[in-house]
Amino acid sequence: MRKEILLPALAVGGGAAGFFLRRWELNTAFEADTGLHIPGAPASVVLICILVALAVAFALLSLDRRRAAPGGYTGAFGAVGNTVWAVVMTAGALLLLCGAVLDLLGLPEVYAEAVIDAQVTHTNPFFAILARLLLGALALLSFPAVLLTVKRGYRGGDEERYSGALLFPAYTCCVWLIEAYQLRASDPVVLDYIYELLAIMAAMLALYFIAGFSFGKGKSVPASVFSALAVALSLTTMADDHPIYVRLLYGFVILYLTAHLAALHHNLHLRPTRAEGNADQDLGPKPESEETSHE
């Protein structure tokens, strides 16, 4: 099976398995009265082992020393005329837009609660919603950026260097990580939120390496590994109790990075191996040398 099918299928399938294992863990691996984690709980051990095995598998499948990384974003992730790719990417963009809108619509309620808390803590309630406000604003700005990326990848054409459209989703994940940690920092049980933070970090790194192709720093192996990890971890943490806008953001990550993962390995498969490329280069000067000898 070609990697353009195998890797996305493994990421989605592994994430689905992680989802059910996380459900099992939430139901059996925490004390009912205190909420503390039960050391050595079978669900936790199995889930961790599965995720580690997936990470190793993603790394091994992504490593291909025979082929050089494609140049430019379109060369690496473009899918000219591929309707399925365009539909999946557009669906991810719509989930991102819906998540941004619901995030911003929920701010008045969150601010009202922060005002009440500020009467006790004597803090500025605005800072309690700042990270969420920035997250909603960046997610909203990322929507047209993603649509522009879809348009360029679907139509092909000239490569645009230093594309700012690729950076907006990465910036969104940076603020999302801050917002998620801010909400969870007071929780002493790390297993309550570790998969949530790992999913966002993997998505942020994947988007960083994807954008790197537009800035002349393309690295296909980390882009592939972190994209697959982000998909699997996002599906895993969907088992947790998240607000709707957060679930929509994870949905965007799953669709957007799955499409990029498939496109990357499709384009890598089309490239000649290094040996073939060297052979073509060796064949170039021979006719000229032969003509010289005849002269």
Q: Evaluate the side-chain proximity of Phe77 to Ile210: yes if any heavy-atom separation is below 4.5 Å, no if none is.
A: yes

Q: List for me each residue that meets ring-ring contact (aromatic ring centres under 6.0 Å, His included) alongside Tyr171, sequence neighbours excluded, and say none if there are none.
A: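 Expected list: none.
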
Q: For a 4.5 angstrom cut-off between non-hydrogen side-chain atoms, does Val253 reach Trp176?
A: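 Yes, at least one pair of side-chain atoms sits under 4.5 Å.
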
Q: Using the rule given for side-chain contact (heavy atoms from CB on, under 4.5 Å), can you reason through Val146 versus Phe252, listing the C-alpha separation, both sets of side-chain angles and the distance that settles it, and then say yes or no?
A: CA-CA 10 Å; Val146 172; Phe252 158 72; 4.1 Å; yes

Q: List the residues meeting ring-ring contact (aromatic ring centres under 6.0 Å, His included) with His265, not counting sequence neighbours, and say none if there are none.
A: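 Scan of His265 (ring-ring contact (aromatic ring centres under 6.0 Å, His included), adjacent residues dropped) gives none.
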
Q: Hey, what do you get for CG (Asn267) to OG (Ser220), rounding to the nearest 0.5 Å?
A: 11.0 Å

Q: Do Phe209 and Lys217 touch side chain to side chain, with heavy atoms closer than 4.5 Å?
A: no

Q: Return the orientation label for the Phe30 and His37 ring planes: parallel under 30°, perpendicular over 60°, tilted otherwise.
A: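 The rings of Phe30 and His37 stand perpendicular, inter-plane angle above 60°.
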
Q: Return yes if a side-chain donor-acceptor contact under 3.5 Å exists between Ser44 and Glu25, otherwise no.
A: yes

Q: Taking the six-membered ring for Trp, is the centroid-to-centroid distance between His260 and Tyr73 below 6.0 Å?
A: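 So the answer is yes for these two rings.
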
Q: Would you mind telling me which of Leu249, Leu248, Ile244 makes a side-chain contact (heavy atoms from CB on, under 4.5 Å) with Cys98?
A: Leu248

Q: Just by modelled atom types, is the Ala230 backbone N or O under 3.5 Å from a matching donor or acceptor in the Ser234 side chain?
A: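 At least one qualifying donor-acceptor pair exists.
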
Q: Just wondering, do Tyr256 and Leu207 contact through their side chains at under 4.5 Å, heavy atoms?
A: yes

Q: Has Thr258 got a side-chain atom pairing as donor or acceptor with Pro8's backbone, closer than 3.5 angstrom?
A: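 Checking the backbone N and O of Pro8 against the side chain of Thr258, no donor-acceptor pair under 3.5 Å is found.
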
Q: Provide the closest heavy-atom pair for Val225 versus Ala59 in the form atom of the first, atom of the second, distance.
A: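 Closest pair (atom of Val225, atom of Ala59, distance): CG2-CA, 3.8 Å.
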
Q: For Arg155 and Val80: C-alpha separation, side-chain torsions, deciding distance, then whether side-chain contact (heavy atoms from CB on, under 4.5 Å) applies.
A: CA-CA 5 Å; Arg155 294 185 177 180; Val80 179; over 6 Å; no

Q: Side-chain contact test, heavy atoms from C-beta onward, threshold under 4.5 Å: evaluate it for Ile38 versus Glu31 and give yes or no.
A: yes

Q: Do the side chains of Arg2 and Leu6 get nearer than 4.5 Å, heavy atoms only?
A: no

Q: Between Tyr193 and Leu183, does a side-chain contact (heavy atoms from CB on, under 4.5 Å) hold up when you go through it step by step?
A: CA-CA 10 Å; Tyr193 57 89; Leu183 293 175; over 6 Å; no

Q: Do the non-hydrogen side-chain atoms of Asp117 and Thr123 ever get within less than 4.5 Å of each other?
A: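 Asp117 vs Thr123: side chains apart.
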
Q: How long is the span from the CZ atom in Phe226 to the CG atom in Leu257, to the nearest 0.5 Å?
A: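 Nearest 0.5 Å value for the CZ-CG distance: 12.0 Å.
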
Q: Could you pull out all residues at least two apart from Tyr195 that satisfy ring-ring contact (aromatic ring centres under 6.0 Å, His included)?
A: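 With sequence neighbours excluded, Tyr195 shows a ring-ring contact (aromatic ring centres under 6.0 Å, His included) to no residue whatsoever.
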
Q: Could you pull out all residues at least two apart from Arg132 that satisfy salt bridge (Lys or Arg N to Asp or Glu O under 4.0 Å)?
A: Asp103

Q: Who pairs with Tyr111 by ring-ring contact (aromatic ring centres under 6.0 Å, His included), at least two apart in sequence or on another chain?
A: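 Per chain and number, Tyr111 pairs via ring-ring contact (aromatic ring centres under 6.0 Å, His included) with no residue.
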
Q: Under a 4.0 Å N-O cut-off, is there an ion pair linking Asp240 with Arg22?
A: yes

Q: Applying the side-chain contact (heavy atoms from CB on, under 4.5 Å) criterion to Leu134, which one of Ile129, Ile178, Thr172, Val175 satisfies it?
A: Val175

Q: Distance from Lys151 atom NZ to Thr90 atom OG1, nearest 0.5 Å?
A: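 The NZ atom of Lys151 sits 12.5 Å away from the OG1 atom of Thr90.
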
Q: Could you tell me which non-hydrogen atom of Ala128 sits nearest to which non-hydrogen atom of Gln182, and how far apart they are?
A: O-OE1, 4.3 Å

Q: Tell me, please, which residues at least two apart from Val46 pass side chain to side chain contact (heavy atoms under 4.5 Å, CB included).
A: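 Leu21, Trp24, Ile50.
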
Q: State, with a plain yes or no, whether a side-chain heavy atom of Tyr250 is found less than 4.5 Å away from one of Leu255.
A: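 No, every pair of side-chain atoms sits at 4.5 Å or beyond.
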
Q: For the pair Lys3 (side chain) and Leu61 (backbone), establish whether a donor and an acceptor sit closer than 3.5 Å, ignoring hydrogens and angles.
A: yes

Q: Measuring from atom CG of Leu7 to atom OG of Ser227, what distance do you get when rounded to the nearest 0.5 angstrom?
A: 10.0 Å

Q: Given side-chain contact (heavy atoms from CB on, under 4.5 Å), test Leu191 with Ile194 step by step and report yes or no.
A: CA-CA 5 Å; Leu191 279 176; Ile194 185 63; 3.7 Å; yes

